[in-house]
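The structure appears below as structure tokens.
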Amino acid sequence: MKQFFTNALLDWNNNENTRSMPWKGEKDPYRIWLSEIILQQTRVEQGWAYYEKFILNYPTVQDLAAAPEEAVFRLWQGLGYYARCKNMLAAAKQIVSQYHGHFPNTHDSILSLKGIGPYTAAAIASFAFNLPHAVLDGNVFRVLSRFFDIDTPIDSTAGKKQFAQLAQELLPHGLSASYNQSIMDFGAVVCKPQQPACNTCPLAKKCKGYQQGLTALLPVKTKKLVIKKRYFYYLVLQHKDNVYIRKRTENDIWQNLHEFILIETSGPEDPATLQSSAAFKAIMGDIRYNMDAASATFKQQLTHQTIHSQFLLLSVSKKPEIQGYTAVPRNQLDSYAFPKTITDFLKNRELTLF
DNA sequence: AACGCGGGGCT
DNA sequence: AGCCCAGCGTT
């Protein structure tokens, strides 16, 4: 059964797989690494353009390691999970300083790099160096759980261990690169999360999940998501051609991205009510300002939070000190990375004075 | 072992 | 609205 599975996947890859990607067949470990970091929890279609931007701007790991952090974040802007960007920069510096710019070529040394976990280490080790490590990502969990009818939750420790062992047993000797590529493409193209193509699937006749009508119920997950609502009010405070921003540093969403002066409330607030609140006074104190406009409410859905944001445009004639914030020329805003909801606001020019 | 972290596409 | 995506680091 295992032999059939592996061979069928390799056959499918050779005969029917037409999925193309800019990094497919790539042997430069730097490029493979870059693509894998970009693709963590990210669809191929979404990451594609980012990969090409990064290769163009930073052709080598030395280029990336030497790049200004803000420029790299700006390039990453909009891709999400910004800790990946931070860790990627740290790893680039690690490779330059510890490995003299040569990408490490053993599984353990690859795994030791910042931002590289079990999946990414196996991917780089197999794709770049053909080392015998099976990848275990969302596709692999799904394909294995269905074909072998395994209902151990994939988000449990036991499940991860069980699937990792099975995946490793299925890995054909000397073919880890093409096999790993096969199973992930197969999961994305045929054994999809919704509406898998079972009627044309070359593995269906031996797929236990399919034969028992369980494909829609596999893989099993235990945890359910709780989504909380948050309300952000951004004071877009302008003094002449300057606007006040800061970098987000707390343990929260959008770490290392920039934002305007933030007041977070526990629920929706009227702009007038907000102006008389303690939070507003704590920031603005006795500063004389003019309220020029209030934007519509922007809604952004994150995995685990719904963010409602409204932008209040304030201007002052005398330059104030705002604790924690810096006044920057507004024509330089595009050198800073902002979360999507703020770039949306900035794009919507008719609302604003920008 | 559990949780937090973006943004986008599809149903 | 809910689910998932070439997962990882922190607590």
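Protein chains get the first letters and strands the later ones, always in sequence-line order, with residue 1 at the start of each. Keep in mind that the numbers below use all heavy atoms, side chains included, and drop hydrogens, waters and symmetry copies. Bear in mind the structure is a predicted one, so any value in this text is a computation, not a measurement.
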Looking only at B/dG6, C/dA6, C/dC5, the nucleotide nearest the A/R142 side chain is C/dC5
A/Q301 atom CD is separated from B/dG9 atom P, nearest whole Å, by 15 Å
Could you please spell out the steps behind the salt bridge (Lys or Arg N to Asp or Glu O under 4.0 Å) verdict for A/D185 and A/R19?
CA-CA 7 Å; A/D185 282 348; A/R19 200 181 190 208; 3.1 Å; yes
Of the listed C/dA6, C/dC4, B/dT11, the closest approach to the A/P193 side chain comes from C/dC4
Whole-Å distance, A/Y50 OH to B/dG6 P, equals 13 Å
How is A/D252 classified with respect to the nucleic acid when contacts are heavy atoms under 4.0 Å: base, sugar-phosphate, or nothing? sugar-phosphate
If we ignore angles and hydrogens, is there a donor and acceptor under 3.5 Å between the side chains of A/Q162 and A/T152?
yes
message = Under 4.0 Å from OP1 or OP2 of B/dC5: is there any side-chain N or O of A/H304 that close?
response = yes
Q: Examine the base of C/dG7 for any acceptor or donor lying under 3.5 Å from a partner atom in the side chain of A/Y119, and report the outcome as yes or no.
A: no
_Hydrophobic clustering (ILVMFWY, side-chain heavy atoms < 4.5 Å, transitive) - are A/L144 and A/L217 grouped together?_
no
Angle class for the A/F5/A/Y179 ring planes (parallel below 30°, perpendicular above 60°, tilted otherwise)? perpendicular
Note: contacts of residues 24-40 of chain A with DNA chain C (heavy atom, under 4.0 Å) are A/E36, A/L39, A/Q40
The nucleotide from C/dA6, B/dG7, C/dG9 with an atom nearest the side chain of A/K114 is C/dG9
Winner on side-chain proximity to A/R43, out of C/dC4, C/dG7, B/dT11, is C/dC4
From OH of A/Y81 across to C1' of B/dG4 the rounded distance in Å is 8 Å
Checking B/dC3, B/dG6, C/dG7 against the side chain of A/K223 (C-beta onward), the nearest is B/dC3
>> It should be established whether A/W23 places a side-chain nitrogen or oxygen under 4.0 Å from OP1 or OP2 of nucleotide C/dA6.
In response: no
Ignoring hydrogens and geometry beyond distance, is the side chain of A/T303 in donor-acceptor contact with the base of B/dG4 at under 3.5 Å?
no
Closest to the side chain of A/Q305, out of C/dG7, B/dC5, B/dG6, is B/dC5
When rounded to whole Å, the NZ to C1' distance for the pair A/K160 and C/dC8 reads 11 Å
C/dT11 versus B/dG6 - spacing of their P atoms, nearest Å:
15 Å
Between CG of A/L136 and P of C/dC8 the distance, given in whole Å, is 10 Å
We want to know whether A/Q77 and A/Y336 form a side-chain donor-acceptor pair, criterion being a heavy-atom distance below 3.5 angstrom.
no
Between NZ of A/K192 and P of B/dC10 the distance, given in whole Å, is 11 Å
Between the base of B/dG7 and the side chain of A/Q46, is there a donor-acceptor distance below 3.5 Å?
-> yes
Strictly under 6.0 Å, is that where the ring centroids of A/F232 and A/F298 end up? no
*Centroid-to-centroid, A/F260 to A/Y244, below 6.0 Å?*
no
If you look at every strand shown and take non-hydrogen atoms under 4.0 Å, does A/G47 touch a base, only sugar-phosphate, or nothing? nothing
Atom CZ of A/R230 and atom P of B/dG4 are separated, to the nearest Å, by 11 Å
Looking only at B/dG7, C/dT11, B/dT11, the nucleotide nearest the A/Q194 side chain is B/dT11
| request: Return no unless some side-chain N or O of A/T42 is found under 4.0 Å from OP1 or OP2 of C/dC5. | output: no
Per nearest nucleotide of DNA chain B, the residue lying toward the 5' end, A/A158 or A/K340, is A/A158
Taken to the nearest whole Å, CD1/A/I227 to C1'/C/dC3 is 10 Å
*asked:* Before you tell me yes or no, could you show the steps for A/F311 and A/L346 under side chain to side chain contact (heavy atoms under 4.5 Å, CB included), namely the whole-Å CA-CA distance, both residues' side-chain angles and the distance that decides it to 0.1 Å?
replied: CA-CA 10 Å; A/F311 297 85; A/L346 289 171; over 6 Å; no
### Query
Heavy atoms under 4.0 Å, any strand shown: does A/N87 hit a base, just sugar-phosphate, or nothing?
sugar-phosphate
Is there a side-chain contact between A/F141 and A/D155, using heavy atoms and a 4.5 Å cut-off? no
- Nearest-angstrom distance, P atom, C/dA6 to B/dC3: 25 Å
task = Would you classify A/M88 as touching base, sugar-phosphate or nothing, given that sugar-phosphate means primed atoms plus P, OP1 and OP2, and contacts are heavy atoms under 4.0 Å?
result = nothing
Taking C/dA6, B/dC5, B/dG6 as options, the one with an atom nearest any side-chain atom of A/Q181 is C/dA6
Closest to the 5' end of DNA chain B, once A/T157 and A/L257 are matched to their nearest nucleotides, is A/T157
The side-chain hydrogen bond (donor to acceptor under 3.5 Å, both in side chains) partners of A/Y51 (sequence neighbours excluded) come to none
**Asked** Within the structure shown, what part of the strands sits under 4.0 Å from A/Q77 by heavy-atom distance: base, sugar-phosphate, or nothing?
**Response** nothing
Does B/dG7 have OP1 or OP2 under 4.0 Å away from a side-chain N or O of A/Y82? yes
Per nearest nucleotide of DNA chain C, the residue lying toward the 5' end, A/G117 or A/K299, is A/K299
With distance as the sole criterion, do the side chain of A/T120 and the base of C/dG7 form a donor-acceptor contact below 3.5 Å? no
